[in-house]
Amino acid sequence: SINVEHTRCIDSQTYCAPFLKEIGTNTTCRTLRIFTTPYLRAENFGNEGAFALAKAISLNSNLEELYLYGNKIGPEGVKAIALSLTGNTSLKYLNVGNNKVGFAGAVAIASALRTNTTLCKLSLRSIATDDLAIGFLFQGLKENHSIKEINCGWNKIRVGTAIEIASMLESNTSLESLVLD
């Protein structure tokens, strides 16, 4: 387990990308937590860190949990992470909550959910996207039978998306927990 939580030196220009590259070659790391704290500033990770992390996810076949809550990752960074999920066979939990996922990031995650069979738990809490994008995510979940828990709380969910969620629940029999608070 690697916890990048109380580290003052991490920034995307100097340390973040090389650090994450090393994660890709690490054969023992199973959990990587990159939190926004007073020491690890959210603006220092962003898309650049997400691009480096996507490469690491593709290389590391042992990484099972990835926590990226609140690191100011934008749609392009989320797309890169989502693309790395399509061939990943080890990641079981992904938390990209409180990032600016946007429409493009949500569509990329939905696409990854259609093919990824190992991800069991997904947190998309407060992902700064619109109702239509949340609907796309739930369309992706219709075809996914490995996700057991999903947290989509603190997102805008309107009638059309609620109907999409209901439709997903009819066809997805593996989902055990759905948070929409």
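In what follows, residues are counted from 1 in the order of the sequence shown.
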Problem - Donor-acceptor contact present, side-chain Ser58 to main-chain Ala54, <3.5 Å - result: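 Side chain of Ser58 to backbone of Ala54: a pair is present.
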Do [X] and [Y] have side chains that get closer than 4.5 Å, going by heavy atoms?
| X | Y | value |
| --- | --- | --- |
| Phe138 | Cys152 | yes |
| Ser174 | Asn172 | yes |
| Thr118 | Asn116 | yes |
| Ile147 | Leu141 | yes |
| Ile134 | Ile127 | yes |

If hydrophobic clusters are built from ILVMFWY residues whose side chains come within less than 4.5 Å, do [X] and [Y] share one?
| X | Y | answer |
| --- | --- | --- |
| Ile81 | Phe136 | no |
| Leu137 | Ile157 | yes |
| Val107 | Ile73 | no |
| Trp154 | Val101 | no |
| Phe51 | Leu94 | no |

Which pair of non-hydrogen atoms, one from [X] and one from [Y], has the smallest distance, and what is that distance?
| X | Y | result |
| --- | --- | --- |
| Asn99 | Leu68 | ND2-O, 2.9 Å |
| Glu143 | His145 | O-CD2, 3.7 Å |
| Leu85 | Ala112 | CB-CB, 4.1 Å |
| Ser90 | Ser61 | CB-O, 3.0 Å |
| Lys156 | Asp131 | O-OD1, 3.3 Å |
| Ala133 | Ala106 | CB-CB, 3.5 Å |

Nearest 0.5 angstrom please: [X] [atom1] to [Y] [atom2], how far?
| X | Y | atom1 | atom2 | answer |
| --- | --- | --- | --- | --- |
| Ile150 | Met168 | CD1 | CE | 7.0 Å |
| Asn47 | Leu53 | CG | CG | 12.0 Å |
| Leu175 | Ser146 | CG | OG | 10.5 Å |
| Ser126 | Lys100 | OG | NZ | 11.0 Å |
| Thr161 | Asn155 | OG1 | CG | 10.0 Å |
| Asn151 | Leu180 | CG | CG | 8.5 Å |

Practice task
Determine, step by step, whether Glu164 and Lys142 satisfy the salt bridge (Lys or Arg N to Asp or Glu O under 4.0 Å) criterion, reporting the C-alpha distance in whole Å, the side-chain angles of both residues, the deciding distance to 0.1 Å, and the verdict.
Solution key: CA-CA 9 Å; Glu164 193 63 52; Lys142 282 182 185 177; 3.0 Å; yes
Problem - Audit row: Leu178, Leu169, side-chain contact (heavy atoms from CB on, under 4.5 Å) steps and yes/no - result: CA-CA 10 Å; Leu178 174 61; Leu169 289 171; 4.3 Å; yes
Exercise for the section: Take Leu113 and Leu122, measure what side-chain contact (heavy atoms from CB on, under 4.5 Å) needs, and give me the verdict at the end. Expected result: CA-CA 10 Å; Leu113 289 175; Leu122 178 63; 4.1 Å; yes
Practice task
Quickly, which of Val179, Thr129, Ile109 forms a side-chain contact (heavy atoms from CB on, under 4.5 Å) with Leu124? Name it, please.
Solution key: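 Testing Leu124 for a side-chain contact (heavy atoms from CB on, under 4.5 Å) against Val179, Thr129, Ile109 leaves exactly one candidate, Ile109.
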Practice task
Decide whether Tyr93 and Asn95 meet the rule of one side-chain donor and one side-chain acceptor closer than 3.5 Å.
Solution key: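 Short answer, yes.
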